[in-house]
Amino acid sequence: MNKERYKTRKEIADIFGVGVRTVSYWMQEGCPVFYTGRKLRPGRGCHPLFIVEELEKWLIEQAEEQRGERRRKDRDVMSSFFKKS
């Protein structure tokens with residue numbers, strides 16, 4: 001295992017300029033993460049580790065997904081506004 005490739009929650013927060021709680025939120029949202037330690041799943045005794053490139057790719061995908069949802073909502077609003085009675 002190339003230890004330099006894997007980053008802790010704190011290191012990821014520093015790299016992306018966000019708080020550790022934001023990284024925890026990303027984990028809840030399904031970002032790519034794996035666990036080491038006594039438990040190999042979320043909870044006490046586990047240590048989540050991340051690969052920057054994989055997390056970066058996931059964040060880009062999430063942003064694109066959100067943009068797509070906003071566009072669909074905008075189209076729905078506009079079509080209902082211009083809908084003929």
Side-chain angles (χ1 to χ4, degrees):
M1 176 162 102
N2 180 359
K3 290 186 180 188
E4 291 179 15
R5 184 172 185 207
Y6 301 99
K7 304 295 181 190
T8 66
R9 200 178 336 208
K10 172 74 172 114
E11 290 169 325
I12 288 294
D14 291 343
I15 289 168
F16 286 97
V18 298
V20 174
R21 291 179 78 179
T22 298
V23 178
S24 296
Y25 174 75
W26 293 344
M27 291 168 60
Q28 291 174 350
E29 292 296 306
C31 77
V33 59
F34 73 95
Y35 299 93
T36 62
R38 284 187 303 145
K39 292 184 176 181
L40 300 180
R41 63 184 188 282
R44 294 186 96 130
C46 75
H47 304 283
L49 293 176
F50 307 84
I51 297 173
V52 174
E53 296 81 10
E54 288 183 19
L55 184 56
E56 196 169 40
K57 181 180 173 187
W58 181 83
L59 289 169
I60 290 168
E61 289 170 359
Q62 295 302 303
E64 289 172 354
E65 220 174 89
Q66 285 180 347
R67 277 194 295 270
E69 287 176 20
R70 263 191 243 121
R71 286 186 191 127
R72 280 190 294 280
K73 286 180 185 176
D74 290 347
R75 272 195 307 266
D76 291 345
V77 167
M78 294 304 287
S79 65
S80 67
F81 181 75
F82 290 110
K83 188 176 182 178
K84 293 182 181 179
S85 304

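One is the number of the first residue; the rest follow in order along the sequence. Only a predicted model underlies this, so the values are computations on that prediction, with no experimental measurement involved.
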As a quick check of understanding, evaluate side chain to side chain contact (heavy atoms under 4.5 Å, CB included) for Trp58 and Ile60, giving each step before the final call.
CA-CA 5 Å; Trp58 181 83; Ile60 290 168; over 6 Å; no
Going through the checks in order, is the side chain to side chain contact (heavy atoms under 4.5 Å, CB included) test met by Lys7 and Ile51?
CA-CA 6 Å; Lys7 304 295 181 190; Ile51 297 173; over 6 Å; no
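Among residues two or more places apart in sequence or in another chain, the salt bridge (charged side-chain N to carboxylate O under 4.0 Å, His left out) test is passed with Lys57 by none.
Between the CD atom of Glu64 and the CD atom of Gln62 there is a distance of 10.0 Å, given to the nearest 0.5 Å.
Leu49 approaches Val33 most closely through the heavy-atom pair O-CG2, 3.4 Å. Of all the heavy atoms in Cys46 and Tyr35, the pair that sits closest is SG-CD2, 3.6 Å.
Within the structure, every pair that satisfies the salt bridge (Lys or Arg N to Asp or Glu O under 4.0 Å) test and touches residues 10-19, not counting sequence neighbours, is listed here: Lys10-Asp14.
Taking the centre of each ring, Tyr6 and Phe34 come in below the 6.0 Å mark.
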Could you list the donor-acceptor pairs under 3.5 angstrom formed between side-chain atoms of residues 16-30 and any protein atom two or more places apart in sequence or on another chain?
from, atom 1, to, atom 2, distance (Å)
Ser24, OG, Arg9, NH1, 2.9
Ser24, OG, Val20, O, 3.3

